[in-house]
Amino acid sequence: MLGGIRAAQSTWIGKALTTLVFGVILVAFVIWGIGDPFRGGSANTVAQVGDVTVSTQAYRQAYQVELQDLQRRARRAITNEEAHRIGLDAQVLSRLVSDAALEDRAGTLNLAISDKDVARKILADPSFAGPGGTFDRGRFNSVLNENGMTEAAFVRDQKQVYLRREIIEALIGGLDAPVAAVDAVHRYQDETRSVDTLALPAAAAGPIPAPDDAALSSYYDAHKGAFEAPQYRKLVVLAVTPAGLAKPGDVSDADVRGVYDTVKAERFGTAETRHVSQVVFPSEEAAAAFVKRVRDGQSFADAVKADALGDKVVDLGTVAKDAIFDRAVADAAFGLPADGTSDPVKGAFGSVVAHVDAVTPATVQPFDAVAPMLRTELATSRATAAAKVLRDRIEDARASGKSLSDAATAVGLAARTVDAVDIAGNGRDGKPVEGLVDGPDLLKAAFASDIGVDNDTIATRDGGTVWFEVAAIEPARQLTLAEAKPKVEAVWQEEETARRLDAKAADLVKAVDAGSQTLDAIAAPLGLSVVHVGDAKRAGATGLPSGVVARIFDVPVGSAGSAPTGPEARTLFKVLDSVTPPLDPDAPEAKQTAQRYAASLQDGVINDYLGVLRAKLGAKVNQGALQAASGAGY
C-alpha cells in the first residue's frame, strides 16, 4: 500500500525494496507462479501466503491508488478494462503477495518494532516535512487522505514496511559492486576508437543492367505479398468548420487593433527580467552596515568578499518579477537599475539585501507582425456561430431522409466526393489525398463503417463538424505483374545494388587487411574523401550511424570492416587505435556505475530469496475475490 509514500521514504535500501515491488513484477510471477485458487474461500481474502492473508479491502485500496496514479500520469481517465489489459491488477497482486511473504518471514524470525520507533521514523520522514524541514501534521494528514488511509491503519502498515526492510537490509546490506566488474563496465563504456571511414555510394557497385522479364517474373512470384493494392474506399464528405467559413477580409483593421491592444502584453510580450542575487543577514544592523559600505563606494562583490559572505549569497538567476517567491525582495529588486543594490528589505526569512547585475527590458511584438494571425483568429471566432447554425440545418435535412449530398445542397454547400482513399490517407497514385478535414479521425471512422451506414459525425478541434458516407468499397487485392511491374523493377534494382555493394565492400575489406589497398586509394577514383573519426565509443560517434559504430567495435584494432548505412550504401572503415582511460573509482561516472551494478546484484539476491520463500510458503489466490476487488467482471 501507499507505494508513493514508500517511494518518497526511500533510502538506498528503500530503493531496492521499491525495485522489488514495482520493477520485477513479471519476474516475480515467473518465479512464484500462482497456486491453485481457493475453493470456497472467503470473499474477504484475495490471497494467502503462508500464514499471512491479503484482504479484499487492502487489495482494492492498493488497486485504486495505482489506478489513480496511472490516470494522473496519463492525464486522462482509464477504465478498468484498459487497466486489466496492461496488467495493473496483476502488478498490484504481485506486490501485495511479495509483501505478504516477507511479513510471514518477519513473523517466523520474531521481528518486531515498537510504536515509539515507528513514531520516531514517521516524524523524521521527509515526505511529511513542512516548509521549515520538520514534521508537519497538516502535510501528514493530507497525504493520508489522498491515499484513503486512517492514521492507525497507516501506522500498522508502516510497522510491516519497516520489518520488511529489516529483512531486505539483511539480504543486501553491504552487497557492493566488485571493483573488477566496475572496471569491466568502464572499459566497455569508455573505450574510444579512432577510425578512418569511407562512405561507399550505390555507384561503387558498378553499372547494374535492367532485369529481363524472366528475372522480374521470378522475383514477383517469390515476393507476391509485397505487391498488393490496399483496400480503397469512396467517400462523400461534408465538413463545416469555423476555419472553413471564416472570412478574414471582412474583419476591419480597427477590430484587429482592438484585440491586439487587449492581449499584446500577455500573448506577444515578454516580461522584463533581471539577474538577481540576494544576501540574508542575521539582523537589520548587519544588513544596514553592508549597504553603507556599498553606498560609500564599494562594489557589491567587494563588500561580499570583505565580509566573507560568499556562502550567504543566493543567485536567483535571471528571473521575471513574479518568479521571486518573496514579494518584498521582488519589489525591491525590480525597483533598481542595472548594477544596483537595494536598501535592507524585511523579507520572509530575515533582513535581505538584493542586487541586480543586469536588466533585460520587456518586449512586445509589433502590431504588423501579428495582425494577419489575429485577423484570422477573429474571423474564425465570428464564424463559430454560423457553423453551429449550418450544423443544425444539415442535421434537420438528414433527419428528413436527405442524402449527405442533398443535405449539403439544401444549405448552399457542396459535399466532396473522394473517389479512392486508403486507410493511410493515400490515393491510387500513392500520394496523400489533400484537404481531408481531421483526416486521421475521419479515415479511422470511415474504415470502421460500411456502405449505407448512418455514421456519427466527427467533431473537429475548432468546434466544427464533419459528416461522411461510405459510397463504395474496393477490396484489397493482389496486383498483377503488369500492374506492379514498375515497383517490382525498382525493388529488384535496389536489392541487386545492395547485394553487389555488399560483395564489393567485402572484397575491399580483404584488400585493406591484406595491405594491397588503402582507403585513400579506394576513394580517389570514385571522387570520394576519407573521413577520420577520433571519438568513436559504443554509445556513438560523430557523424556515424549506430550500426556502423557497433561494427567498429566488432573488429580488432588495425583491421578493416564495413557496415550498411542504407538500402544502397555502405561505410568502409579501418580501426586505427583504441584508448581506454584507467578507472578512477572516485570519479562520479565510476560511482554511478558501481551503484547501478550493485543495484542489479541486489535485485538478483531479492528475486532468488523470493523464489526460496515461494517454494516454502506457496501462494493461493481467490480469483473470485480478486476479480470483484479489481472490477474485472466488466
Side-chain angles (χ1 to χ4, degrees), residues 10-20 22-24 26-27 168-169 171-200 502 505-506 508-515 517-520 530-566 570-609:
S10 296
T11 61
W12 67 279
I13 294 297
K15 290 180 181 177
L17 182 59
T18 302
T19 301
L20 161 67
F22 289 113
V24 295
L26 294 178
V27 175
I168 296 300
E169 184 173 4
L171 284 172
I172 62 176
L175 182 57
D176 297 325
V179 175
V182 176
D183 184 59
V185 174
H186 161 74
R187 283 186 280 109
Y188 181 86
Q189 293 179 337
D190 288 353
E191 179 187 1
T192 303
R193 293 191 167 194
S194 60
V195 293
D196 282 342
T197 66
L198 176 61
L200 294 177
D502 286 350
L508 292 174
V509 167
K510 291 179 181 178
V512 173
D513 281 341
Q517 282 272 37
T518 65
L519 293 187
D520 287 324
V530 174
V531 177
H532 179 75
V533 177
D535 63 350
K537 289 187 176 182
R538 285 181 171 85
T542 303
L544 293 179
S546 59
V548 177
V549 175
R551 180 63 183 144
I552 285 172
F553 283 87
D554 283 342
V555 303
V557 174
S559 297
S562 73
T565 50
R570 289 193 76 90
T571 293
L572 194 66
F573 63 83
K574 182 174 181 179
V575 181
L576 304 178
D577 192 17
S578 173
V579 176
T580 303
L583 174 66
D584 178 4
D586 295 324
E589 297 81 4
K591 290 182 178 179
Q592 290 174 4
T593 298
Q595 290 170 357
R596 289 193 297 267
Y597 196 94
S600 178
L601 290 177
Q602 293 162 5
D603 290 345
V605 170
I606 293 171
N607 287 333
D608 289 346
Y609 183 73

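If you're wondering where the values come from, they're calculated on a predicted model, not measured in any experiment. In this chain, numbering begins with 1 at the start of the sequence shown.
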Taking C-beta and beyond as the side chain, do Leu200 and Thr565 meet within less than 4.5 Å on heavy atoms?
no
How many angstroms lie between CG in Asp176 and CG in Leu601, if you round to the nearest 0.5 Å?
9.5 Å
Those residues at least two apart in sequence (or on a different chain) that pass side-chain contact (heavy atoms from CB on, under 4.5 Å) with Ala511 are Ser516, Gln517
Sequence neighbours excluded, the answer for side-chain contact (heavy atoms from CB on, under 4.5 Å) partners of Val530 is Asp196, Leu519, Asp520, Ala523
Would you check, one step at a time, whether the test side chain to side chain contact (heavy atoms under 4.5 Å, CB included) holds for Thr580 with His186?
CA-CA 9 Å; Thr580 303; His186 161 74; 4.1 Å; yes
Atom of Ala177, atom of Val182 and distance for their closest heavy-atom approach:
CB-CG2, 3.8 Å
Can you name the residues that form a side-chain contact (heavy atoms from CB on, under 4.5 Å) with Val185, not counting sequence neighbours?
Gln189, Thr593, Tyr597
By salt bridge (charged side-chain N to carboxylate O under 4.0 Å, His left out), Glu191 pairs with (sequence neighbours left out) Arg193, Arg538
Could you go step by step and tell me if Thr197 and Leu544 meet the side chain to side chain contact (heavy atoms under 4.5 Å, CB included) rule?
CA-CA 9 Å; Thr197 66; Leu544 293 179; 4.2 Å; yes
Ala560 versus Val512, closest heavy-atom pair with distance:
CB-CG1, 3.7 Å
So do Phe573 and Ile552 actually touch side chain to side chain, heavy atoms under 4.5 Å?
yes
How close do Leu572 and Ser562 get, counting heavy atoms only, and between which atoms?
CD1-CB, 4.0 Å
Please list, chain by chain and in numerical order, all residues satisfying salt bridge (charged side-chain N to carboxylate O under 4.0 Å, His left out) with Asp183, sequence neighbours excluded.
Arg187
Taking all non-hydrogen atoms of both residues into account, name the closest pair between Ala598 and Leu175 and its distance.
CB-O, 3.9 Å
Taking only residues two or more places apart in sequence or in another chain, which ones pass salt bridge (charged side-chain N to carboxylate O under 4.0 Å, His left out) with Asp502?
Arg570
Nearest 0.5 Å please: distance from the OG atom of Ser559 over to the CG atom of Leu576.
11.0 Å
Shortest non-hydrogen pair, Ala541 vs Val533, comes out as CB-CG1, 4.1 Å
According to the side-chain hydrogen bond (donor to acceptor under 3.5 Å, both in side chains) rule, which pairs have a member within residues 542-557, sequence neighbours left out?
Asp535-Thr542
Those residues that, when tested against Lys537, pass side-chain contact (heavy atoms from CB on, under 4.5 Å) (two or more places apart):
Asp190, Thr192
Residue pairs involving residues 571-598 (criterion salt bridge (charged side-chain N to carboxylate O under 4.0 Å, His left out); sequence neighbours excluded):
none
What pair of heavy atoms forms the shortest contact from Ala563 to Gly547, and how long is it?
CB-O, 4.1 Å
